[in-house]
There are 2 protein chains.
Amino acid sequence: MLGLMQGWPLLCHQVIDHAATFHGGRKVITRSVEGPIVETTYSEVRARSLKVAQRLEKDGIRLGDRVATLAWNTWRHLECWYGIMGIGAIYHTVNPRLFPEQIVWIVNHAEDRMMFVDLTFVPLVEKIADKLPTIERYVILTDRAHMPQTALKNAVAYEDWIGEVDGDFAWKAFDENTAAGMCYTSGTTGHPKGVLYSHRSNVLHAMIAAMPDSMNASSRDVILPVVPMFHANCWGLALTAPMVGAAMVMPGAKMDGASIYELLDTYKVTFTAAVPTIWLMLLQDLEKTGGKLPHLNRVVIGGSACPRAMTKTFQDVYGVDVIHAWGMTEMSPLGSLCTLKPEYAALTGDARLDVQMKQGHPPFGVEMKIADDAGKDLPWDGKTFGRLKVRGPAVSKGYYKVDDDPVFEDNGWFDTGDVATMDPYGYMQIVDRNKDVIKSGGEWISTIDLENLAVGHPKVAEAAAIGVVHPKWDERPLLVVVLKKGETATKEEILAFMQGKVAKWWMPDDVVFVDEIPHTATGKIQKMTLRKQFEGYRLPTVQAAE
Amino acid sequence: MLGLMQGWPLLCHQVIDHAATFHGGRKVITRSVEGPIVETTYSEVRARSLKVAQRLEKDGIRLGDRVATLAWNTWRHLECWYGIMGIGAIYHTVNPRLFPEQIVWIVNHAEDRMMFVDLTFVPLVEKIADKLPTIERYVILTDRAHMPQTALKNAVAYEDWIGEVDGDFAWKAFDENTAAGMCYTSGTTGHPKGVLYSHRSNVLHAMIAAMPDSMNASSRDVILPVVPMFHANCWGLALTAPMVGAAMVMPGAKMDGASIYELLDTYKVTFTAAVPTIWLMLLQDLEKTGGKLPHLNRVVIGGSACPRAMTKTFQDVYGVDVIHAWGMTEMSPLGSLCTLKPEYAALTGDARLDVQMKQGHPPFGVEMKIADDAGKDLPWDGKTFGRLKVRGPAVSKGYYKVDDDPVFEDNGWFDTGDVATMDPYGYMQIVDRNKDVIKSGGEWISTIDLENLAVGHPKVAEAAAIGVVHPKWDERPLLVVVLKKGETATKEEILAFMQGKVAKWWMPDDVVFVDEIPHTATGKIQKMTLRKQFEGYRLPTVQAAE
């Protein structure tokens with residue numbers, strides 16, 4: 001028997017409708033790409049989103065069509081986002097930091113029909129436009145006064161473009177499982193893979209993100225999403241903020257410490273979110289200027305592990321709570337947030353920081369477990385490593401135009417590719433990437449832990465740990481080190497520094513010094529290249545074992 | 001094009017699974033019907049819910065079958081709730097405060113196959129059992145030691161009953177729109193009507209209820225739902241609390257002021273919810289004993305309008321925030337909560353209380369509007385009255401086994417039967433029931449306002465305002481008054497007291513004194529009976545108009 005409740009589909013445009021109706025005067029403040037601060041409201045954003053929708057339709061864009069954006073976080077980008085989704089088309093937020101050839105590959109793979117481009121990226125797009133045959137029109141996110149001379153196909157200034165319609169338009173109706181947005185993940189190997197969000201997954205994710213033990217977002221918040229809309233679905237904030245009626249402050253193109261500080265301070269931001277790199281810049285700026293953060297209540301830090309010192313500084317020096325978080329593009333992206341359950345809530349000092357080094361616990365709507373290579377569930381003791389697997393309504397079940405990727409298992413679990421521990425209260429901590437973890441005698445060694453330890457040595461600039469074949473233990477750790485400019489050091493010196501700080505059997509079997517460690521476009525160490533480089537490397541411990 | 005996200009249906013048993021997995025040790029504390037306090041955990045509740053599910057199946061209960069409960073808020077009732085839903089059967093929470101003949105009607109209409117009964121209600125059920133032919137078995141919610149002698153069909157003690165299975169059982173899989181629960185609304189006229197919740201509506205409602213601007217429920221909360229599970233779906237708390245991992249304190253059969261205070265104080269309850277009557281008893285007890293509420297952070301008050309003095313006392317004397325709320329059984333039940341948006345957040349004193357007299361604003365997931373009798377939307381000026389209409393994924397689209405009830409409109413709006421104002425920030429305030437509001441010369445007069453004003457007169461015990469036919473104005477107000485014992489008063493005295501406190505054209509055309517005003521089983525004034533009683537009543541103003 002079915003229930004007798006309304007068939008009210010979860011559609012993204014209902015989010016901006018709710019914001020416009022019940023929080024219509026709430027502000028959306030942007031540092032525009034042109035320079036000045038621009039203030040608008042949810043009511044106005046909705047009205048202009050409707051124009052975007054109406055104008056897209058006039059340009060022939062229909063249900064299921066992909067529309068690319070190459071843009072910073074601005075009110076115009078937000079309008080495009082809702083306008084695109086409101087007719088059942090699919091926003092494809094392209095990451096401008098990718099290599100140009102990757103952008104070309106992605107846009108062609110998605111077969112995007114139009115592209116919204118910020119002024120910043122016009123030169124970049126001009127260089128690759130001849131390789132983007134599916135794009136029928138470029139809309140430059142500016143007004144006529146700032147419109148550059150460009151030969152881009154059918155190029156038009158956004159304000160002129162939406163000015164051609166009257167906004168007398170209604171959102172389209174469609175199934176809640178209709179695709180709403182697209183985001184490509186750039187792995188360290190192979191082609192990027194397209195994640196295809198649905199309206200349902202976006203709405204549920206936004207609700208999950210707003211919950212008190214997630215980001216705790218309310219109408220009294222002023223939210224500054226530094227994390228870009230092109231990065232992992234903006235961590236859901238482009239939907240969560242309007243859903244709860246929080247004001248938004250959009251940083252546009254400027255994300256240096258001083259610029260972010262100016263927004264935080266001027267607009268009394270209560271809540272912000274970004275990767276550690278951003279916060280490093282902010283904290284350095286604050287140290288220099290003596291600035292304080294009296295309005296900021298909490299900061300979500302994810303994307304990569306948040307350093308302990310950063311958490312400590314935010315909390316002890318500036319009185320800002322840190323919420324360490326973990327997610328993946330494939331998860332919309334939130335997987336876990338390190339808010340404090342009652343078992344941990346009373347902790348202070350180092351004990352509290354110990355917990356906050358974990359990536360946290362999943363909210364309702366994210367199932368999580370750790371398993372060994374054979375798929376057997378592993379204990380939640382805070383020590384045992386396992387493959388981290390997740391399941392939920394905002395977790396991918398496949399990549400766009402990719403058949404049967406092995407990360408999607410039959411019983412619905414998505415293999416995150418991460419290796420993690422779970423503690424007795426359900427707090428997860430990332431230990432390593434599965435392809436990087438060193439498997440020594442059936443036990444797993446975290447390369448991240450070894451690297452974090454090694455870079456603590458005053459002479460070490462960067463370090464990478466990789467597994468090298470070993471006849472007895474399968475693999476043993478090799479530590480690859482880049483010394484700081486002008487420094488010299490010996491293997492023994494580095495190992496002596498590490499001694500006693502990790503389990504004895506975790507200690508690297510050898511240390512090699514190199515001038516450079518290879519990186520990806522987004523700054524991650526290319527472990528695979530490194531492993532190739534050291535293929536066949538003979539560890540000094542091998543002879544002993546033979 | 002559909003998104004590529006997991007088909008993770010929203011099912012209620014996922015809520016208790018999440019609680020058991022990520023908040024497994026969190027306590028559920030009950031004042032048992034037998035007397036002693038009983039402590040259990042979400043992990044244990046889930047394990048025993050699985051036994052309920054397994055045992056129900058052994059008794060032949062299947063997908064779609066209705067299973068009644070006649071029970072207080074206890075851990076056992078919670079286990080039944082999840083156990084019943086976990087096999088796709090439907091919990092039917094019967095309100096024991098209804099007249100016995102109403103209970104008979106409801107159980108027969110629902111065709112319940114089994115009934116879980118608290119010890120308190122065994123005598124009641126024994127009296128009506130011969131009129132309940134569909135019930136195949138009565139499970140008494142107790143253990144063998146407390147099992148009463150009873151001739152109820154196949155009666156068995158709950159603990160013995162679930163003791164017959166081992167709990168090695170898995171939840172059933174089914175569509176998220178499958179019916180999960182049933183609750184009958186008892187109007188003032190006609191038969192009760194069955195609302196049929198789905199798994200999807202229950203889960204979405206629980207998420208909506210937990211949001212920061214709704215009940216703001218987190219894992220650090222200790223929640224005491226005084227509102228019974230048989231009253232309007234327990235305001236969602238039987239799902240919201242486990243969903244967020246909050247501890248629960250269940251009051252069992254004792255809801256007097258002293259008993260509630262003991263639980264609030266002993267278990268450091270942070271959040272509680274009930275109708276004004278309950279809080280009146282608590283506040284009276286506190287005044288007598290000098291008790292304080294140092295742990296309690298907030299209290300949700302709904303079911304009927306929260307008196308201003310109650311809000312003031314909670315906030316000023318006890319430091320407890322009041323969240324005035326409004327909902328209906330047909331809405332799962334939350335419709336709006338009076339949490340403070342930034343426009344109102346800084347208010348203090350009377351200005352704050354003025355806002356808190358409103359029933360609040362709807363969260364995302366509840367659409368709301370006011371319209372005139374012709375269906376035209378009315379302005380949100382905080383003054384204009386209109387029929388209150390709602391829409392959303394946790395709002396009913398029909399009643400069980402009732403065809404085409406006119407409250408369900410074609411375009412999906414549910415006519416709540418309430419008359420309300422909306423202010424510019426989207427705060428709703430209930431003015432009257434639509435069938436009670438007096439329509440005078442095309443304008444509407446609130447009978448509730450007239451009654452509240454009249455009972456402020458020191459000699460008035462109770463007052464009811466009704467519309468009486470008038471040749472010129474269609475209807476004019478007649479005030480029906482019950483004086484306090486031993487008092488006498490004149491019409492002129494009462495009207496003089498009201499003069500200047502309402503708009504002139506709202507003033508009653510006449511006042512009549514009666515010994516008694518008729519009430520429903522749940523204590524509401526039977527306006528329809530009263531209107532019948534005064535049908536053809538000739539107002540003194542009629543002659544002037546003729």
Side-chain angles (χ1 to χ4, degrees), chain A residues 1-8 10 14-15 18 21-23 26 63-64 90 175 177-180 195-201 207-208 210-213 216-220 243-245 247 332 339-343 345 361-362 364 391-400 412 414 425-426, chain B residues 1-8 10 14-15 18 21-23 25-26 63-64 90 175 177-180 195-201 207-208 210-213 216-220 243-245 247 332 339-342 345 361-362 364 391-400 412 414 425-426:
Chain A
M1 189 186 299
L2 297 185
L4 284 170
M5 307 308 279
Q6 295 188 1
W8 198 86
L10 304 174
Q14 282 160 336
V15 173
H18 177 79
T21 308
F22 290 99
H23 308 275
R26 199 84 70 255
L63 184 87
I90 303 165
D175 187 276
N177 292 302
T178 301
V195 172
L196 200 60
Y197 306 114
S198 68
H199 282 262
R200 174 184 165 102
S201 69
M207 294 176 78
I208 290 167
M211 302 283 269
D213 273 317
N216 195 21
S218 86
S219 65
R220 292 166 301 289
M243 174 179 277
V244 303
S332 301
T339 50
L340 299 181
K341 296 186 187 182
E343 293 86 349
H361 56 98
F364 174 80
R391 208 158 61 169
V395 176
S396 297
K397 69 174 180 189
Y399 295 116
Y400 185 57
F414 170 70
Y425 300 122
Chain B
M1 188 188 299
L2 298 185
L4 286 169
M5 307 308 279
Q6 295 187 2
W8 199 86
L10 303 174
Q14 281 159 339
V15 173
H18 177 79
T21 308
F22 290 98
H23 308 275
R26 199 85 69 255
L63 185 87
I90 301 165
D175 187 277
N177 292 302
T178 301
V195 172
L196 199 59
Y197 306 114
S198 69
H199 281 262
R200 174 184 165 102
S201 69
M207 293 176 77
I208 290 168
M211 301 283 270
D213 272 317
N216 194 21
S218 85
S219 66
R220 291 166 301 289
M243 175 179 277
V244 303
S332 301
T339 50
L340 299 182
K341 296 187 186 182
H361 57 99
F364 174 81
R391 206 156 67 168
V395 176
S396 296
K397 68 173 180 190
Y399 295 116
Y400 185 58
F414 169 72
Y425 300 122

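Throughout, a chain's letter reflects where its sequence line sits, starting with A, and its residues are numbered from 1.
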[X], part contacting chain A, at a heavy-atom distance under 4.5 Å:
X: B:Tyr425; answer: backbone
X: B:Ala345; answer: side chain
X: B:Ile208; answer: both

Item to check | Contact summary for B:Ala217 and B:Val244, nearest pair of heavy atoms | outcome: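 Answer, listing the atom of B:Ala217 first, then B:Val244: O-CG1, 3.4 Å.
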Checklist entry - What's the shortest heavy-atom distance between B:Met5 and A:Ser201, and which atoms? => result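 Scanning both residues, the minimum pair turns out to be CG-OG, 3.3 Å.
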Next on the checklist: Can you tell me which of B:His199, B:Arg200, B:Gln14 forms the most heavy-atom pairs within a distance under 4.5 Å of chain A?
Outcome noted: B:Arg200
Checklist entry - Which one, B:Gly25, B:Pro393, B:Gly412, leads in non-hydrogen pairs under 4.5 Å with chain A? => result B:Pro393
Item to check | Pair A:Glu343 + B:Arg26: basic N to acidic O under 4.0 Å | outcome: yes
Item to check | Ionic contact status for B:Arg220 with A:Asp213, cut-off 4.0 Å | outcome: yes
Using a cut-off of under 4.5 Å on heavy-atom pairs, state which of [options] scores highest against chain B.
options: A:Met207, A:Lys341, A:Met211; value: A:Lys341
options: A:Gly64, A:Ala180, A:Ser396, A:Ser198; value: A:Ser396
options: A:Ser218, A:Gly7, A:Gly398, A:Ala179; value: A:Ala179
options: A:Ser332, A:Gly245, A:Ala210, A:Pro362; value: A:Pro362

Next on the checklist: Return the CG to CZ distance between B:Leu10 and A:Phe364, rounded to the nearest 0.5 Å.
Outcome noted: 6.5 Å
Checklist entry - Given a strict heavy-atom distance threshold of 4.5 Å, which part of A:Ala247 is in contact with chain B: side chain, backbone, both, or neither? => result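 When you check distances to chain B, no heavy atom of A:Ala247 falls under 4.5 Å.
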Item to check | Region of A:Tyr400 in contact with chain B, defined by heavy-atom distances below 4.5 Å | outcome: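 Interface part for A:Tyr400: both.
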Checklist entry - So do B:Leu4 and A:Tyr399 actually touch side chain to side chain, heavy atoms under 4.5 Å? => result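 Sidechains of B:Leu4 and A:Tyr399: no contact.
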Item to check | No-hydrogen, no-angle side-chain donor-acceptor test under 3.5 Å, A:Thr339 and A:His361 | outcome: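 Present: a donor and an acceptor within the cut-off.
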Next on the checklist: Using the ring-ring contact (aromatic ring centres under 6.0 Å, His included) criterion, which residues pair with B:Phe414? Sequence neighbours excluded.
Outcome noted: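 B:Phe414 satisfies ring-ring contact (aromatic ring centres under 6.0 Å, His included) with B:Phe408 only.
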